[in-house]
2 protein chains.
Amino acid sequence: MSDTSATTQPLVSAFRWVPDFARGLVRDLRVRWALEEIGRPYRTVLMDAAQPRDAEYRAWQPFGQVPAFDDGAIRLFESGAILLYLGEQDETLLPTDPAGRWAATAWTFAALNSIEPAVSRLVSLDLFHTNDAWSAEARVPALEFVNARLRSLADALGELDWLTGRFTVADILMVTVLRNLHHTNLVAAFPNLAAFQARGEARPAFQRAMNAQINDLSNGDTP
Amino acid sequence: MSDTSATTQPLVSAFRWVPDFARGLVRDLRVRWALEEIGRPYRTVLMDAAQPRDAEYRAWQPFGQVPAFDDGAIRLFESGAILLYLGEQDETLLPTDPAGRWAATAWTFAALNSIEPAVSRLVSLDLFHTNDAWSAEARVPALEFVNARLRSLADALGELDWLTGRFTVADILMVTVLRNLHHTNLVAAFPNLAAFQARGEARPAFQRAMNAQINDLSNGDTP
């Protein structure tokens, strides 16, 4: 990669500090992982999660979240959009045949619209509301919701290694979504989902991406 | 449209019966709206929302939801994926220049991953848990969450008519997401968002799509 000039390296926004519970789970991991899969170097723009984002950043990422992406040609936000964009540049991440490409696109949206919202509803209760009297009762339907979605996902995955049969950006997204349930045994209850998650986490590109996120966080000041 | 043979008409799954609160809000509306924008006739496969979906349907839509889509060339699920697929077939729905196309793709994901989960969390409390003692307290953070997201969305939209300046599939998705808050005054608190939603709902294609959904529901048996 040493022949790649700095100006061709895409920028990815990430954090230099997050609360402990978020370490290794921040969504820039998805973009780092995709870039590592295709051996593409990148630079990070680091922010402190405890500080508000300024107007300049919000012009890049309207919700003040990470990741945002800029390769000099296209400025993008939303991890799903960034991964489809990278996927179109390298068949390693997204097939070029229409059937394969659209199956991966459907699963990309499924990870972000059918699974992640159910996961986030539970995680939000478990992280931010465990001391609230109402949260134990609120957790009952939240748990039912995520379990029903995981069951459908497990049925759809079946014996496959990856959601569409071969590795795509949809797997990056789904594995990183499932990882947010690490404080529960919900994924473990579906052995094929647990194996799918482990298969993703075992990829060298995942491990490089994870190390890079943790390293950027380790270098940050605590507030 | 009379010269279009039946075999070239895409299939869209929808419901013949839903509970009253869901009438006019079911997600097949998004696909109907996109198809109406490009004047493309379609056929519906109707199911009863009160009945469980069978294995055959789950092979098409793994979560048993609507819409699913099949045009003979590609079978798809997830409204975001279906709308991007249709968008690539007609510039009315999605620009072909890379900057415009990727901006619309980012906003497509934003509608489904940054706005809809916040909206659904609140709507789920308001529709299914109003009689539960815990729900009033659970509603406080849910309301804060959706309000923060709407404020970011309103800031990003600014004075624009549409999310990326011109109408795209992202607007179809965002308008249909915002419509789920019709039982609140949350959108009205942001005049530019309310105007954006009204602008979408005033499009003839939206109105044809809405009439088609209601008509299919009116013909269904109640359980």
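When reading the values below, keep in mind they use all heavy atoms of this one structure, side chains included, and skip hydrogens, waters and symmetry mates. Residue numbers begin at 1 in each chain, while the letters A, B, ... track the order of the sequences. On a predicted model such as this, the values are computed, not experimentally measured, just so you know.
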I'd like to know if the side chain of Arg23(B) and the backbone of Gln213(B) have a donor-acceptor N/O pair within less than 3.5 Å. no

Say whether, by atom type as modelled, one donor and one acceptor occur between the side chain of Asp70(B) and the main chain of Leu11(B) under 3.5 angstrom. no

Proximity breakdown for Leu112(B) and chain A, heavy-atom pairs closer than 4.5 Å: both

Top contributor to chain B contacts, counting heavy-atom pairs under 4.5 Å, from Ser135(A), Ala59(A), Ala110(A): Ala110(A)

Under a 4.5 Å heavy-atom cutoff, which of Ala103(A), Ala73(A), Pro141(A) has the most pairs with chain B? Pro141(A)

So which part of Leu84(B) gets closer than 4.5 Å to some heavy atom of chain A, the side chain, the backbone, both or neither? both

Assign the ring pair Phe206(B) / Trp33(B) to parallel, tilted or perpendicular, where the plane angle (0 to 90°) is split at 30° and 60°. perpendicular

Heavy-atom pairs under 4.5 Å with chain B, option from Ser120(A), Ala118(A), Ala99(A), Ser114(A) with the top count: Ser114(A)

Arg199(B) side chain to Asp161(B) main-chain N or O, any donor-acceptor pair under 3.5 Å? yes

Is it true that the side chains of Arg27(A) and Ser79(A) contain a donor and an acceptor less than 3.5 Å apart? no

Relative to chain A, which segment of Glu116(B) carries a heavy atom at a distance below 4.5 Å: side chain, backbone, both, or neither? side chain

N-O pairing of Asp171(A) and Arg166(A) below 4.0 Å: no

Would you say Trp60(A) and Glu56(A) are linked by a side-chain donor-acceptor pair, where the criterion is simply a distance under 3.5 Å? no

Would you mind checking which part of Arg151(A) comes under 4.5 Å of any heavy atom in chain B, side chain (CB onward), backbone (N, CA, C, O), both or neither? neither

Proximal component of Arg75(B), with respect to chain A [non-hydrogen, under 4.5 Å]: neither

Taking every non-hydrogen pair under 4.5 Å, which of Pro117(A), Ala106(A), Ala136(A) racks up the most with chain B? Ala106(A)

Go through Arg101(B), Glu137(B), Gln65(B), Glu78(B) and name the one with the most non-hydrogen pairs under 4.5 angstrom from chain A. Glu78(B)

So, Asp28(B) side chain and Ser13(B) main chain: donor-acceptor pair closer than 3.5 Å or not? no

Contacting moiety of Gln61(A), where chain B heavy atoms sit under 4.5 Å: neither

